[in-house]
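For ligands, and for the atoms within them, numbers begin at 1 and follow the listed sequence. None of these values were measured; they are calculated from a predicted model. Residues: numbered from 1 along the sequence shown.
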Amino acid sequence: MPEVRIHTCMLCEATCGIVAQVEGGRVTGIRGDQQDPFSRGHVCPKAAAIPDMMEHPDRIREPMRRVGDRWQPVSWEDALSEAAERIAAIQRAHGRNAVGLYAGNPTVHSHGAILGVPLLSKALGGRSRFSATSVDQLPQMLAALEMFGHQLLFPVPDVDRTDFLLVLGANPVVSNGSLMTAPGIAHRLSALRARGARLVVVDPRRTETAEVANLHLAIRPGGDAALLLGMLHEILAGGLARPGRLARFTDGLEWLREIVERYPPERVAARTGLTPAAIRSLARDFAAAPTAVCYGRVGISTQEFGSVASWLVNALNVVTGNLDRAGGAMFTTPAADVVALNARLGSLGSFGRFRSRVRGLPEFGGELPAATLAEEIDTPGDGRIRGLVTFAGNPVLSAPNGRRLDRALAGLDFMVAIDLQRNETTRHAHLILPPTFGLERDHYDLVFNTVAVRNVARYARAAVAPPPGVRDDWDILLGLALALRARGGGGNRRNLGATLRVARALGPRRILGLLLRFGPHPLSIGALERSPHGVDLGPLVPRFPERLFTPGRRIRLVPPVLEADLARIDADLVAAPPAPGALLLIGRRRLRSNNSWMHGIHRLVKGPVGCTLQVHPDDASSRGLVEGSLARVRSRVGEVRVPVSVTDGVGPGVVCLPHGWGHASFNDLADEQRVDALCGNADFSGVPVTVEAAP
Ligand SMILES: Nc1nc2c(c(=O)[nH]1)N[C@H]1C(S)=C(S)[C@@H](COP(=O)(O)OP(=O)(O)OC[C@H]3O[C@@H](n4cnc5c(=O)[nH]c(N)nc54)[C@H](O)[C@@H]3O)O[C@H]1N2
Ligand SMILES: Nc1nc2c(c(=O)[nH]1)N[C@H]1C(S)=C(S)[C@@H](COP(=O)(O)OP(=O)(O)OC[C@H]3O[C@@H](n4cnc5c(=O)[nH]c(N)nc54)[C@H](O)[C@@H]3O)O[C@H]1N2
Ligand code: SF4
Ligand SMILES: [Mo]
């Protein structure tokens, strides 16, 4: 008899509730959970691929050791002690910074991993920490740290109640939302339109989200900071600012007005590719809406001016009175409050406490930018990275200049990867340690409940037993940390022994239980288990000024480091526009793929070719390219060959390629030297390329 088990999809930020059919210890089907108060039955095609991934023939089911290019199984005991031994030896000989750590995206999709990675990081010590943060939302964290005093205070667009949603550089209809956990976002956007609210999308490509919007504005890549300055000018110079109650605890309103005085729409328009009139009317419509929210994501974050753009998005919401109010950009009250926990542990965030060895890029939150990982490995000298741990990541496909990183990894003295598969990155490891996956483990969304459009909580128990040879990420991370400490790896660090002992005694379930018990809602894991479909804790409510972590609980509307970065915008505004015929490359996501790692699943990749270069008809014809023909795309750092798709969805001068594909990787073209110079976040938007018919 099939059993039915309730769980949560861990593949993207939407956190859809799922119902799994389990027969003979195997998951034989997945559907949306109609009784889930948050996701209400929504799922996308990826959910059905969870069991495919769990049962994939290429999945690694026991620890593997690489000898030359042969892989052989090894016991957990041998694997952990060998890994610790070799890491400790490198650190003894070359110092703590000689062993690096990269924590990839799925870290945030598992409470065991998000709690466990800091343990391994502490045991390794040193400064060579990297993660997906710096190829993603780092600028948005910097803006939150500087303006609100805490790097995790992400404003969430109140999509279900707003009268005007302005989307900059996000495509939630495909990505299913990011830093905005909103399962069934496409339905929520239709409901938004149906109630008469407006949706405006600013994006160089006419995206799937732009297709359902009232208005699409095709911006020139990297032009968002200029656009926002022009909009703020129109609002502040035009007397349209209405900060309301925010004025009581906001510093810098007058200062911002003086700053944006310098940026009338006529000055910034050319950089945006939009007309001054379009900028003015967008600003006026936004300011006039009863409630409105500007929401910016990957497209404004992974670009040259990501930090300034992220700051100005928040500033626009503040001056129009839309921050921290229903229908605007709000803050959650999560049941397990990791924002408050981090504050209590004294880690509000940090910026620029130290700099990277080779290029001098700044630290953020104890990490260095992933764009500098390859050069930190391949540049000789004191402090060079010689050993690496990767956790749930594939930076060869996800970080800029993947070719260089690929070569660098091949030169490491030792590498260990914690992952379920061999991929472009983990193939370089000497050891691969395989984790449980999918419905084989308990699940609670520690991270995504802090960015959800409603306050919700849901705890899922593992639905099936894992293959006997794998371990939970938590156990692997803690096990490696303990083994390292036993061998004196990393050197002496205060409290490490005590921290690891407490962590081992509690485990992730009891840590979560404590967070729930001392959180803002009276909840326990037991209570959540009695409501497996999830508990709705109500709509978001205003949290400021109490939730602010700045001195005196004030919003810093004009953080000095961000204001200083306007000098780069000023230079950019007078820079020569792209030469006629030049092409700028941007990225896209596809519904049936997930960053770098689900292309091995037949169910998802069958059908039309997904990895194509979108080219405008004019640019195609001037290069002799037609639909389906093979193009050679070249940048400063590399080249790929990829089939062409001719479409006016991209404007002339813009070409678009998805990232994460091994055979034609976007990041073989993305240049590791192109970063947001303020914080070192990768810049994937507007990579200069040449395109020609492949010989
Ligand atoms: N050009 C370009 N590059 C980009 C982006 C872009 O838009 N354009 N996007 C960037 C963004 S936003 C991100 S977040 C990064 C993501 O890039 P990465 O941080 O590299 O993450 P993924 O590509 O998702 O790789 C996930 C890996 O984790 C493994 N994995 C999956 N689940 C688990 C698990 O539960 N435990 C463990 N141990 N392993 C697991 C998978 O097998 C896979 O190998 O890419 C970035 N790179
Ligand atoms: N199906 C699927 N879902 C996913 C993922 C996936 O790989 N597949 N990845 C997950 C991850 S890790 C993340 S972080 C989220 C990301 O979620 P989103 O932020 O919604 O991601 P994208 O779809 O990459 O949207 C970024 C948009 O920015 C646009 N853009 C590029 N340059 C610029 C620019 O200079 N200015 C402006 N205004 N726009 C620009 C691009 O054309 C693109 O439409 O998605 C998550 N969900
Ligand atoms: S939208 Fe995201 S969370 Fe929902 S089923 Fe698809 S991948 Fe899973
Ligand atoms: Mo991401």
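In summary, the atoms of ligand 1 found under 4.0 Å from a heavy atom of Phe666, numbered by their order in the structure, are 1 (N). Of all atoms in ligand 1, numbered sequentially from 1 with element shown, those under 4.0 Å from a heavy atom of Tyr102 are 18 (P), 19 (O), 20 (O). Interface of Thr15 with ligand 3, defined as ligand atoms under 4.0 Å from a residue heavy atom, comprises 3 (S).
Of the protein's non-hydrogen atoms, the one nearest atom 38 (N) of ligand 1 is Asp473 OD1, 3.0 Å. Closest to atom 7 (O) of ligand 2, if we only count protein heavy atoms, is Asn595 N, 2.7 Å. Scanning the protein for heavy atoms near atom 42 (O) of ligand 1, the closest one is Asp419 OD1, 2.6 Å. Scanning the protein heavy atoms around atom 10 (C) of ligand 1, the nearest turns out to be Val135 O, 3.2 Å. The nearest protein atom to atom 25 (O) of ligand 1, hydrogens excluded, is given as Ser596 OG, 3.4 Å; this is a heavy-atom distance. The protein heavy-atom contact nearest to atom 14 (S) of ligand 1 is Asn105 ND2, 3.2 Å. For atom 46 (C) of ligand 2, the nearest protein heavy atom (residue, atom name, distance) is Ser175 O, 3.8 Å.
The shortest N/O to N/O separation between Asp136 and ligand 1 does not fall below 3.5 Å. Polar contact check, Asn667 against ligand 1: a nitrogen or oxygen pair lies under 3.5 Å apart.
Residue contacts with ligand 1 for His109 are absent, since no atom lies close enough (heavy atoms, distance under 4.0 Å). Looking at Arg441 against ligand 1, only its side chain comes within 4.0 Å, counting heavy atoms.
Judged purely by distance below 3.5 Å, without hydrogens or angles, the side chains of Glu13 and Ser178 pair a donor atom with an acceptor atom.
Proximity of Gln303 to ligand 2 is established by a heavy-atom distance of less than 4.0 Å. For the pair Asn176 and ligand 2, no heavy-atom separation below 4.0 Å is found. Using 4.0 Å as the threshold, Gln137 has no heavy atom nearer than that to any atom of ligand 2. Residue His659 places every heavy atom at 4.0 Å or more from ligand 2.
Between Phe448 and His109, the two ring planes are tilted [angle within 30° to 60°]. Note: Phe684 and Phe666 have perpendicular aromatic rings, judged against thresholds of 30 and 60 degrees for the angle between ring planes.
Around atom 6 (Fe) of ligand 3, the protein N, O or S atoms found under 2.8 Å comprise Cys44 SG.
Side chains of Glu211 and Val173 form no contact here, defined as non-hydrogen atoms less than 4.5 Å apart.
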